[in-house]
Amino acid sequence: MAVEFRVLGDLDVRIDGRTVRIGHARQQCVLAALLVEPNRVVATEHLISRVWGDEVPDGATATLRGYLSRLRQALAGADEVRIVRRHPGYLLAVDPDRVDLHRFRALTEQARRAGDDATAIGCLERALGLWRGEAFDGLTTPWLAAYRQTLDRQRLAAALDRNDIALRRGGHARLLPDVLALSGRHPWDERLAAQAMLALYRCGRQADALAHFHRLRRRLAAEIGADPSPPLAQLYQQILTADAAIAPPDPPGGVELSAPATGPTGTARDAGTVPRQLPPSPGVFAGRIAQLARLDEQLGDAGHPGGAGSPVVISSIGGGGGVGKTWLALRWAHANAGRFPDGQLYVNLRGFDPTGEPVGWPVAVRGFLEALGVEPARVPADPEAQASLYRTLVAGRRLLVVLDDARDAATVIPLLPGTPTSAVLVTSRRQLAALVTTHGARPLPLDVLPDDEARELIVRQVGPARVAAEPDAVAAVLRFCGGLPLALGIVAARAALHPDLPLSSVAAELTTAVHPLDALAGDEATTNLRVVLSRSLAALTPAAAEVFTLLGLAPGPDISRAAAAGLTARTPDELRLLLRELVDAHLVQEHVAGRYRMHDLVRTFAAERAAGDEAGSRCALRRLVDHHLHTAHAAALLLSPQRDPLTLTPAAPGVTAERLDDLAAALAWFTSEHQVLMATIEYAAGSGLDTAAGQLSWTLATYFDRQGHWHDWATVARRAVEATGRSGDRPAQAQAHRLLAGACSNLGRYAEAQRNLLAALDLFAALGDDEGRAHTHFDLSMLHDRQRQPREALPHARRSLALYERVGGPLKQAVALNAIGWYHSQLGEHHYAIVYCRRALALSEQAGSAYGQANTWDSIGFAHHHLGEYEHAVDCFQQALALFAGIGDRHASGIVLDHLGDTWAAAGRTDAARDAWRRSLSLLDELGHADAAAVRRKLST
């Protein structure tokens, strides 16, 4: 059977393509320590040092033998791999070619011995392609950390060798994205800096190459007080003076880099006419390094066709209004104009221009013919003939054609050159899928600027001194604009025009405006965000425009397709087409399959449009609340089938709850909708939908408890208490007090929890609700238990059992019996505890409650532990862990792991104890639980 060991990433072992489980991290470290030296004996003492470092446990040699035995079992299916005991240690017998680390080293050595660049770069590319991430990812020991640094240096050396060869062979355009990314990870490497500068320069980005040098020079001066090396300084001078010695080489194979312009005799005034139609490059431009590199990559083949059948190279920049598509296109076009010696054609197709109608392709073709020197009298009358003449004139010429603000693919296609020596750069607010499908266009979706690039844009407009002087004001501007370049440009221009105006005043104008978009109304239509967005909206079908306005009302960071169907009262199939239209127009993003979001300013615009129909907006939002409530209620009952269901009013017409088939689907739904549901509760509580606010809070309790989201639980429970208080629904108010008490108890706010439970108890007593009283007495017992007060907890547990025996079913009795048993254990009465808990376990099994069984197994394990019956205790805890994992309760799993660690420690199994405590601490730390501190203390001793 073929075996493969992959360590250049996470440790991955495969036999005949099937992944083999190697065990826990410590056992993986043993295999890693052997894999780095295949077919060589590794002394036992060295193995122990590599695996445990300075924290060698007692009995490490015996533990190591156990690990090796289990590794042999895991690898038993691979005949060509053996772990052999050979004095003074162990040997892993395997073909080194089966280990990616050793294949990497063999390929790099082969590259060094190669006699030609083509062979060498092929070997290096294959070697670097073996890496999937950080070597031995996820494994942490002092030896591995040091070894990983060695491998990182070898990987970098191979990348640098590959880069040098690629630059010698004229591969700068394809190489540039990798070099820039690598330079970001290794900012001090001067050889890499030189490669990045040379690649940038050869891609026509002289200014960026020089800026790269200056950044390194400033870093060196600030950090170590040194200057760049003489070779790097010399390269800087060569770039500065455009020295012919560093010009791009001819590509391999002798392909010509340029061709003479050709055209039919008599059609042009001057066969040598070179059009230069690009508008000025944007005066203030920041960031977009990754996108510029992507354009370099996409358009890197332009002018170098692989054959007669090669397509025209087309890059299509797509994005919403104001996101900076034209700025990016012009920046790249000017930086790369030298690559297109036969000229640059440009047309603004005004597909979404607020000041006029779109430009049709026949008008654009006539403008191109004029730029190419065709006399007006020689222009054919028929538009198709004009397009044919245009394609004839540009055939074989190395031109860059920029088609800005295209409304659709039909406008673009007639303007495409017919031969692949030219490149085409298109911008549009739509995705132009037809252009991608039929002409192989390479899409480049453009999103908002990240904070650092947005800040740089403001710095370039208003100056670094003003920005540094008012960091809070700048942060407020960045939050308001959300990285949208048009918004940033409008605000920065206003600040630049009023140099005496504090930036805090500019920020205040934005954040206090009654209508936020009023603050982004520039002097011209193209710099007025509301007008820009209106043109995008006008290009939609009426149905899509209606959906857009309603989506702006939806609370939460995003919305699912199913929820949007409820909001808009449309069928899912009908809505799918309309959402696709909005995504295509870049007004909405499908950031996760089936989930949609808007930029905050676009959402503000949509909400403004919806404000004209107040009654319709209220109905739409009521439908959305009903969708979330009915789906969440079904999901909550899947998480905890034994919960008493709510009595819901029927959902509004047009609303269908999502179908959730099982526990996993319910948990996944709550996880996806977590923030949306919280925002929906806030909306409902503030809009008079008090019953819905209280009921939605109820649906989230089990999910929040099991996932440890106790702060969020407390937030929604407080809304439920307020809402039920306003509505006068006393049963719901009592339940809301219980919900809030549960969250406060988990957060360690015991006094607040007790106040809420006593309030609930009073309400249930006044209502004559014995089951509610039973629930609340049980909650009070748990609250005392959290405070290490078993003697005070026991009477409440007994009272809850007595009430459940009158009004509750088997499961509720089981829960109370388990609690009574647990408190007896806390009081040292472990035999009594087992008696009660065994009764609880039988009832939980009868009710089919995995949660009840898991809790009870934990209690029984705890009692066996304190009776010294460690083997029985471990079995019980393992049962509990398996059940809790199945229902996704991370909090309870963390507690059981802590108990399991205690048992292993008492049994003298130190390694197993520490492993269990580490797993417990990982879960409790992730949840922010107070019990994490106690577990951490155990690990520190």
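From a predicted model like this one, the values you see are computed outputs, not experimental measurements. Note that these values count all heavy atoms, side chains included, but never hydrogens, waters or copies made by symmetry.
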- Start with the C-alpha distance between E546 and T568, add both sets of side-chain angles, then the distance that settles side-chain hydrogen bond (donor to acceptor under 3.5 Å, both in side chains), and finish with yes or no. CA-CA 8 Å; E546 180 186 351; T568 60; over 6 Å; no
So which heavy atom on [X] is nearest to which on [Y], and how close?
| X | Y | value |
| --- | --- | --- |
| A585 | L540 | CB-CD2, 3.9 Å |
| P279 | H334 | O-NE2, 2.5 Å |
| V467 | V462 | CG2-CG2, 3.6 Å |
| F352 | S536 | CD2-CA, 4.3 Å |
| Y201 | A242 | OH-CA, 3.1 Å |
| A387 | P414 | CB-O, 4.3 Å |

Tell me whether [X] contacts the main-chain N or O of [Y] through its side chain, where contact means a donor paired with an acceptor under 3.5 Å.
| X | Y | result |
| --- | --- | --- |
| E453 | R288 | yes |
| H586 | S428 | no |
| R350 | P358 | no |
| H439 | I314 | no |
| T326 | D404 | no |
| Q431 | G318 | no |
| S617 | D613 | yes |
| N336 | W332 | yes |
| K325 | G319 | yes |
| H498 | D500 | no |

Are [X] and [Y] side-chain neighbours, meaning at least one heavy-atom pair lies under 4.5 Å?
| X | Y | answer |
| --- | --- | --- |
| P485 | L449 | yes |
| V426 | V402 | no |
| Q277 | Q344 | no |
| S316 | V436 | no |
| H212 | S183 | yes |
| F605 | S534 | yes |
| H172 | L200 | no |
| L550 | L553 | yes |

- Query: When you look at L484 and H599, which way does the side-chain contact (heavy atoms from CB on, under 4.5 Å) test go after all the steps?
  - Reply: CA-CA 8 Å; L484 190 66; H599 187 281; 3.8 Å; yes
To the nearest 0.5 Å, what is the distance between [atom1] ([X]) and [atom2] ([Y])?
| X | Y | atom1 | atom2 | value |
| --- | --- | --- | --- | --- |
| L579 | I559 | CG | CD1 | 8.5 Å |
| L587 | R430 | CG | CZ | 10.0 Å |
| S315 | L435 | OG | CG | 10.0 Å |
| F368 | Q386 | CZ | CD | 13.0 Å |
| D573 | L578 | CG | CG | 11.0 Å |
| D408 | I413 | CG | CD1 | 9.0 Å |

- Is any NZ, NE, NH1 or NH2 atom of the basic residue among E590 and R561 found under 4.0 Å from an Asp or Glu carboxylate oxygen of the other?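 So E590 pairs with R561 through a salt bridge.
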- Below 4.0 angstrom, N of the basic side chain to O of the carboxylate: do E470 and R466 qualify?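 Looking at E470 and R466, the cut-off is not met.
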- Message: Is there a side-chain contact (heavy atoms from CB on, under 4.5 Å) between N348 and Y346? Walk through the geometry before answering.
- Response: CA-CA 7 Å; N348 182 354; Y346 171 89; 3.8 Å; yes
- Query: How far apart are the C-alpha atoms of V365 and L415, what are their side-chain angles, what is the distance that settles it, and do they pass the side-chain contact (heavy atoms from CB on, under 4.5 Å) test?
  - Reply: CA-CA 7 Å; V365 164; L415 302 175; 3.3 Å; yes
- Query: With sequence neighbours left out, what residues match D558 under side chain to side chain donor-acceptor pair (under 3.5 Å)?
  - Reply: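 Only H591, R595 meet the side chain to side chain donor-acceptor pair (under 3.5 Å) criterion with D558.
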- Geometric cation-pi criterion R609 and F548, 6.0 Å radius, 45° cone: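 Verdict for F548: no cation-pi partner in R609.
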- Mind running side-chain contact (heavy atoms from CB on, under 4.5 Å) on T421 and D342 for me, showing each step along the way? CA-CA 10 Å; T421 52; D342 295 321; over 6 Å; no
- Task: Identify the residue among L400, V394, L399 that makes a side-chain contact (heavy atoms from CB on, under 4.5 Å) with P275.
- Result: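 One option only clears the test, and that one is L399.
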- Query: Aromatic rings F213 and Y236: how do their planes relate, parallel, tilted or perpendicular, breaks at 30° and 60°?
  - Reply: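 Rings of F213 and Y236: parallel, as their planes differ by under 30°.
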